[in-house]
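Counting begins at 1 with the first residue of the sequence.
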Amino acid sequence: MSASGVLSFTQQGWEQVLAKVKRAVVYLDATCVECLHWGCGSTRLLEAVGSPECHLREFEPDAVGGGAKQPKAVFVLSRLLKGRTVEILRDIICRSHFQYCVVVTAVSHAVHLTANHVPAAAAAEMEGQQPVFEQLEEKLCEWMGNINYTAEVFYAPLLLAPVAPHLALTPAFASLFPLLPQDVHLLNSARPDKRKLGSLGDVDATALTPELLLQIRCLVSGLSSLCEHLGVREECFAVGSLSRVIAADLANYAPAKNRRKTAAGRASVIFVDRTLDLTGAVGHHGDNLVEKIISALPQLPGHTNDVMVNMIELTSLQTEEENYNVVAPGCLAQSNDTTAKALWEALLNTKHKEAVMEVRRHLVEAASRENLPIKMSMGRVTPGQLMSYIQLFKNNLKALMNHCGLLQLGLATAQTLKHPQTAKWDNFLAFERLLLQSIGESAMSVVLNQLLPMIKPVTQRTNEDYSPEELLILLIYIYSVTEELTADKDLGEAEEKVKKALARVFCEESELSPLLQKITDCDSSINLTFHKSKIATDELFTSLRDIAGARSLMKQFKSVYVPGNHTHQASYKPLLKQVVEEIFHPERPDSADIEHVSSGLTDLLKTGFSMFMKVSRPHPSDHPLLILFVVGGVTVSEAKMVKDLVASLKPGTQVIVLSTRLLKPLNIPELLFATDRLHPDLGF
């Protein structure tokens, strides 16, 4: 039941795939590639394929089919086998010469029944049968052109991307994000004949869109498989409205009932809505090198949780920008390199200063082992110093191959240390600290007026100034750290000034970033009028007001702001810290905000009897394993904080932090202003 169970769960799922891929053309979608990338690496897959003529290909409409000498194909898909996904499958197979097709889906057969509107009672009677998969197998043979050819369709739980022993992500659900109050209006407009929802507190499964419900069911199915692998019966708890729906779906997930009866272990699974604390997601107080790396370096194409490391310094190419795409990028995930993996885990678990010293130490030791002419230097670690060590490996192929993973992490560190964004990190931190003091001493209107001079058009900005996207990050910080706002004349006027200043800045951008295109609903700055820009900033501030009121339904976790006094400055207290402290409070109080979600009549009776008899209600600290799932993303610092806090409050308790994605500050405005939150694209 240890946290290492996350890695074995992931690897066991991939072993089922690897057993099928020998001498095959393998098609994977981007989500499965990301899970493989962190779980066991593409090298394992290439070794299992074992044939130079066979290829790995992205599963997409234009994917190249299999040639005459490629009779076998394996499709590894994170999606439901339905609609557009099946059409792409058909088209690839029809233009190929396959005689043997295997389709592996990361979505269980039970969820396929739900997606095909099979009633729960009928689905229960089908236990042990897989009609949806069997029908697709027949179709595969039909598309291959011979019913005597071989087709297999099966489920493998390819849910997680294990970033560390204590932290794993769910790339298929990277876009899943908790609801905001404005979403209640959208849900109400879609149900004109039903009782109106008054607030997020009224939202349950019946109120959600079919697409969002199905996305939740896909997640729940994968989490149920994880609990089965860990051998635990889970008690489900929730903090927040969407978390409550997910926890209830897991607690009442019918296919899990039999496994729970025989499970030897117990675990508490707690879902927490990210929107209850966006301060931690957009803030810069996490003194962690990895957070700076993922903020500074460009995203690895097709991935949500890894970055591109420029490897050109290890080649003889000129370090000109036009050569950057000539050499394949490095990355952070080093699943098959023991030394690099140890360094990666050290970077996740140490502060910035210790982390860069650890990178230097690993590079020095590696160079010494290869007898490279290293010049030792102590004191402060600089990017130039790290680069001088890394370049020792440049013309030594054996040394390069022996330490490739370490060199990627070393280059990521050096490139981050000299990146302009890293210098700006401290500016953000200083301004955030100033904001914390101002919020305690001044009205919100005063705080916004302090921000106003910093809103500058592109023609007046220097590298030290904030871009429009960075200003959005600061606004989210301000509105998330405050409690629910009371509208008054001064606040209205201050907001109006900021809105107009932002609208002007948006209009004057020479080029609109993808985020600004989404916010303004305009693909070019040439077509962006001030009127259209002002409408966008009005909507933006509606979202900011929603963020300020996100904790209004909480009774206990109403604030993440700690006012200053004579001895201490005002500070931010993370919601996750408050939740963990409440769970392991020595007096074990019943929390008003950590809601236990029952799994059927027995639990309901137990809860009811506890009101007038001495029946203990389930408590999240009851069990030796705590799984904390943050819906909407988590930062590296938050995951470490939870791990360390649990170890100090209740030694011996295992903790696994799961989340939909690893967050950097810019992700939050992207997720907040996504238009498909209620209608996720499920691939059909």
Side-chain angles (χ1 to χ4, degrees), residues 1-18 28-42 44-45 76-79 104-108 111 155-176 215-232 234 246 250 253 256 259 267 269-272 274 294 300 302-306 331-336 341 344-345 348 625-636 638-639 642-643 654-663:
M1 277 202 320
S2 71
S4 62
V6 165
L7 184 58
S8 64
F9 169 70
T10 303
Q11 291 177 339
Q12 192 176 85
W14 281 103
E15 289 299 334
Q16 295 177 55
V17 175
L18 299 177
L28 304 101
D29 65 23
T31 296
C32 284
V33 168
E34 189 162 8
C35 291
L36 173 71
H37 178 73
W38 289 98
C40 52
S42 56
R44 287 284 310 280
L45 182 58
V76 190
L77 308 175
S78 61
R79 315 168 193 174
V104 186
T105 171
V107 181
S108 70
V111 179
Y155 161 67
L158 310 176
L159 172 73
L160 298 179
V163 172
H166 68 283
L167 173 62
L169 309 166
T170 58
F173 304 95
S175 64
L176 182 63
Q215 187 183 35
I216 288 169
R217 177 56 59 88
C218 290
L219 173 61
V220 159
S221 168
L223 293 174
S224 180
S225 294
L226 172 63
C227 290
E228 182 174 11
H229 175 81
L230 296 172
V232 296
E234 69 278 17
I246 299 170
L250 178 57
Y253 184 54
R259 82 159 162 80
V269 182
I270 303 172
F271 296 90
V272 181
R274 173 79 263 176
I294 64 174
L300 194 62
H303 290 245
T304 51
N305 303 296
D306 207 342
C331 60
L332 300 177
Q334 303 296 334
S335 49
N336 291 318
K341 201 170 180 180
W344 167 247
E345 288 176 16
L348 290 170
L625 174 63
L626 173 69
I627 299 173
L628 187 71
F629 193 112
V630 187
V631 181
V634 73
T635 67
V636 170
E638 288 171 332
V642 169
K643 177 176 74 79
Q654 293 284 342
V655 62
I656 300 171
V657 178
L658 302 180
S659 191
T660 45
R661 65 188 296 159
L662 209 54
L663 287 175

Practice task
Check whether any side-chain heavy atom of T170 lies under 4.5 Å from a side-chain heavy atom of F629, and answer yes or no.
Solution key: yes
Problem - E345: partners by salt bridge (Lys or Arg N to Asp or Glu O under 4.0 Å), with sequence neighbours left out - result: none
Handout entry: Results of side-chain hydrogen bond (donor to acceptor under 3.5 Å, both in side chains) for E228 - residues two or more places apart only
Key = none
Completion exercise
To the nearest 0.5 Å, atom CG of L167 lies from atom CG of L662 at 6.5 Å
Problem - Rounded distance [0.5 Å steps], CG in L158 versus CG in L36 - result: 9.0 Å
Practice task
Output all residues satisfying side-chain hydrogen bond (donor to acceptor under 3.5 Å, both in side chains) with T31, sequence neighbours left out; order by chain, then residue number.
Solution key: none
Practice task
Could you tell me whether the side chain of S8 and the main chain of G5 form a donor-acceptor pair under 3.5 Å?
Solution key: yes
Practice task
Side-chain contact test, heavy atoms from C-beta onward, threshold under 4.5 Å: evaluate it for L223 versus V269 and give yes or no.
Solution key: no
Practice task
Heavy atoms only: give me the nearest W344-V163 pair and the separation to one decimal.
Solution key: NE1-O, 2.9 Å
Problem - Chi angles and distances behind the side-chain contact (heavy atoms from CB on, under 4.5 Å) call for R259, S224 - result: CA-CA 9 Å; R259 82 159 162 80; S224 180; 3.2 Å; yes
Problem - Spatial distance of atom CG (L159) from atom SG (C32) [nearest 0.5 Å] - result: 10.5 Å
Problem - Validation row: F173, V631 side chains within 4.5 angstrom (heavy atoms) - result: no
Problem - Sub-4.5 Å side-chain heavy-atom contact between K643 and V657 - result: no
Exercise for the section: Indicate yes or no for a side-chain donor-acceptor contact from T10 to the backbone of A161 under 3.5 Å, with no hydrogens or angles considered. Expected result: no
Problem - D306 side, atom CG; C331 side, atom SG - distance, nearest 0.5 Å - result: 5.0 Å
Problem - Heavy-atom donor-acceptor pair, T660 side chain to G632 backbone, under 3.5 Å - result: yes
Practice task
Applying side-chain contact (heavy atoms from CB on, under 4.5 Å), run through L230 and I627 and close with a yes or a no.
Solution key: CA-CA 11 Å; L230 296 172; I627 299 173; 4.1 Å; yes
Handout entry: Distance-minimising heavy-atom pair for N336 and C40
Key = ND2-O, 2.8 Å
Handout entry: Side-chain heavy-atom pair W14, V104 within 4.5 angstrom cut-off
Key = no
Completion exercise
Taken in chain and number order and not counting sequence neighbours, the residues that satisfy side-chain hydrogen bond (donor to acceptor under 3.5 Å, both in side chains) with Q12 are H229
Practice task
With sequence neighbours left out, write down each residue that passes salt bridge (Lys or Arg N to Asp or Glu O under 4.0 Å) with R661, or none if nothing qualifies.
Solution key: none
Exercise for the section: Could you tell me which residues satisfy side-chain hydrogen bond (donor to acceptor under 3.5 Å, both in side chains) with T304, sequence neighbours excluded, listed by chain and number? Expected result: E34
Handout entry: Flag side-chain contact, heavy atom, 4.5 Å: S225 against Y155
Key = yes
Handout entry: Flag side-chain contact, heavy atom, 4.5 Å: L658 against L226
Key = yes
Problem - Spacing of I294 atom CD1 and L300 atom CG [to the nearest 0.5 Å] - result: 13.0 Å
Handout entry: Donor-acceptor contact present, side-chain D29 to main-chain S78, <3.5 Å
Key = yes
Practice task
Output yes when a side-chain donor or acceptor of R274 lies under 3.5 Å from a complementary backbone atom of G633, and no otherwise.
Solution key: yes
Practice task
Considering non-hydrogen atoms only, spot the tightest contact between S108 and S221 and give its length.
Solution key: OG-OG, 2.8 Å
Problem - Value rounded to 0.5 Å, distance of CD1 in I246 from CD in Q215 - result: 8.5 Å
Problem - Side chain S335, main chain G39, donor-acceptor under 3.5 Å - result: no
Handout entry: Which atom of H166 lies closest to which atom of A639, heavy atoms considered
Key = CD2-O, 3.9 Å
Problem - Minimum side-chain heavy-atom gap L250-E234 below 4.5 Å - result: yes
